[in-house]
Asks: 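Pasting a structure here, questions to come.
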Amino acid sequence: MAGMPSHTTKGTPTPVRPFRLFDVKLLPPKLRQNFKLTYQRIYNLMSEATGLNFRTTDMNLEYIEKTYDIAYKHLKTRVSYIFQNEKYKPNDWGLGQWTKMTSYSSIMKLGNIKDGAKLPRQTRGYNKKRTNKGRNEKPTPSLPEIRRNEER
């Protein structure tokens with residue numbers, strides 16, 4: 001949460017920023033992809049919890065545990081299907097499993113109605129009808145139009 005402000009490498013001060021302050025564009029490509037697909041997704045989901053106030057000074061064990069408990073309770077409300085299913089053991093999961101089980105597709109496939117209702121609206125145009133927008137292209141005819149033209 002506070003990073004590692006007093007970190008040194010070979011005697012040179014090299015402070016490490018907290019994850020929430022990372023500029024992803026500055027990370028090397030492989031590390032950037034791993035960070036965006038795992039750490040950042042779970043962090044963003046947990047940081048949506050109400051009642052969290054992040055600070056970088058005066059950090060103690062009590063503050064860290066309190067903040068984690070608030071974020072974990074929020075996680076239980078967002079993906080309740082994970083905690084209701086007896087065969088899942090979320091306390092033993094690594095970051096990759098958490099990322100997989102909290103993804104949009106996993107919640108839609110395995111989650112309950114409440115979990116699905118809390119998801120943001122899917123923004124990609126998977127279900128949109130594609131149209132040709134080229135200068136001389138005609139729109140793609142639908143199947144009934146093709147059959148009508150064949151009958152003529």
Side-chain angles (χ1 to χ4, degrees), residues 1-134 139-144:
M1 291 189 345
M4 297 169 56
S6 59
H7 185 265
T8 59
T9 304
K10 297 181 183 177
T12 307
T14 52
V16 179
R17 288 180 153 190
F19 285 156
R20 71 182 190 290
L21 300 177
F22 273 7
D23 186 359
V24 181
K25 296 174 189 171
L26 300 177
L27 295 173
K30 285 185 179 181
L31 185 59
R32 178 185 322 144
Q33 182 180 10
N34 189 18
F35 181 77
K36 284 173 68 175
L37 294 177
T38 55
Y39 292 96
Q40 197 172 37
R41 284 187 180 183
I42 296 299
Y43 176 77
N44 289 342
L45 184 62
M46 292 179 82
S47 66
E48 292 173 355
T50 55
L52 287 180
N53 66 347
F54 295 107
R55 58 185 185 201
T56 55
T57 59
D58 193 28
M59 304 268 295
N60 55 23
L61 185 60
E62 180 185 343
Y63 168 74
I64 293 171
E65 287 177 350
K66 180 183 171 194
T67 304
Y68 178 77
D69 288 342
I70 292 170
Y72 197 69
K73 285 177 185 174
H74 174 71
L75 193 62
K76 284 183 176 183
T77 62
R78 283 293 306 269
V79 286
S80 60
Y81 79 96
I82 291 172
F83 300 95
Q84 292 170 352
N85 193 330
E86 293 177 2
K87 71 177 184 176
Y88 297 144
K89 298 194 178 354
N91 292 331
D92 298 336
W93 288 355
L95 195 56
Q97 185 69 17
W98 271 107
T99 302
K100 176 185 168 195
M101 297 302 281
T102 58
S103 69
Y104 185 92
S105 59
S106 290
I107 294 172
M108 291 303 288
K109 182 178 177 183
L110 304 170
N112 54 37
I113 295 171
K114 290 180 183 178
D115 295 336
K118 292 176 185 171
L119 287 172
R121 195 177 130 259
Q122 196 170 15
T123 56
R124 295 195 181 196
Y126 292 122
N127 296 326
K128 292 181 182 177
K129 185 175 179 180
R130 293 184 62 149
T131 58
N132 295 330
K133 294 186 178 184
T140 306
S142 64
L143 189 58

Asks: Mind checking what makes side chain to side chain contact (heavy atoms under 4.5 Å, CB included) contact with I113, not counting sequence neighbours?
Replies: none
Asks: Nearest 0.5 Å please: distance from the OH atom of Y39 over to the CD1 atom of I42.
Replies: 11.5 Å
Asks: With rounding to the nearest 0.5 angstrom, report the CD to CG distance, Q33 to L27.
Replies: 12.0 Å
Asks: Show me the donor-acceptor pairs, under 3.5 Å and distance only, between side chains in residues 80-87 and residues at least two apart or in other chains.
Replies:
{"from": "S80", "atom 1": "OG", "to": "N112", "atom 2": "ND2", "distance (Å)": "3.2"}
{"from": "S80", "atom 1": "OG", "to": "D115", "atom 2": "OD1", "distance (Å)": "2.9"}
{"from": "S80", "atom 1": "OG", "to": "D115", "atom 2": "OD2", "distance (Å)": "3.4"}
{"from": "Y81", "atom 1": "OH", "to": "M101", "atom 2": "O", "distance (Å)": "2.4"}
{"from": "Q84", "atom 1": "OE1", "to": "N112", "atom 2": "ND2", "distance (Å)": "3.4"}
{"from": "N85", "atom 1": "OD1", "to": "K87", "atom 2": "N", "distance (Å)": "3.0"}

Asks: Among all residues two or more places apart in sequence or in another chain, which pass the side chain to side chain donor-acceptor pair (under 3.5 Å) test with N91?
Replies: Y72
Asks: Apply ring pair (Phe, Tyr, Trp, His ring centres under 6.0 Å) to Y43 and list each qualifying residue two or more places apart in sequence or on a separate chain.
Replies: none
Asks: Would you please name every residue forming a side chain to side chain contact (heavy atoms under 4.5 Å, CB included) with I70, sequence neighbours left out?
Replies: A49, L52, K66
Asks: Mark yes when over 12 heavy atoms from residues, nucleotides or ligands other than K118 sit less than 6.0 Å from its NZ; otherwise mark no.
Replies: yes
Asks: May I have the list of side-chain donor-acceptor pairs in residues 92-100 shorter than 3.5 Å, sequence neighbours left out?
Replies:
{"from": "W93", "atom 1": "NE1", "to": "K89", "atom 2": "O", "distance (Å)": "3.4"}
{"from": "W98", "atom 1": "NE1", "to": "P90", "atom 2": "O", "distance (Å)": "3.4"}
{"from": "T99", "atom 1": "OG1", "to": "L95", "atom 2": "O", "distance (Å)": "2.9"}

Asks: Sequence neighbours left out, what pairs pass salt bridge (Lys or Arg N to Asp or Glu O under 4.0 Å) with at least one residue falling in residues 34-48?
Replies: E48-R78
Asks: Tell me every residue that passes ring pair (Phe, Tyr, Trp, His ring centres under 6.0 Å) with F35, counting only those two or more places apart in sequence or in another chain.
Replies: F19, F22
Asks: Judged by atom type as modelled, is there a donor-acceptor pair below 3.5 Å linking the side chain of N44 to the main-chain atoms of Q40?
Replies: yes
Asks: Identify, with sequence neighbours excluded, every residue that meets side chain to side chain donor-acceptor pair (under 3.5 Å) alongside S106.
Replies: S103
Asks: Would you give the length of the straight line joining atom NZ of K114 to atom OG1 of T77, rounded to the nearest 0.5 angstrom?
Replies: 11.0 Å
Asks: What's the spacing between L37 CG and R32 CZ if we round to 0.5 Å?
Replies: 12.0 Å
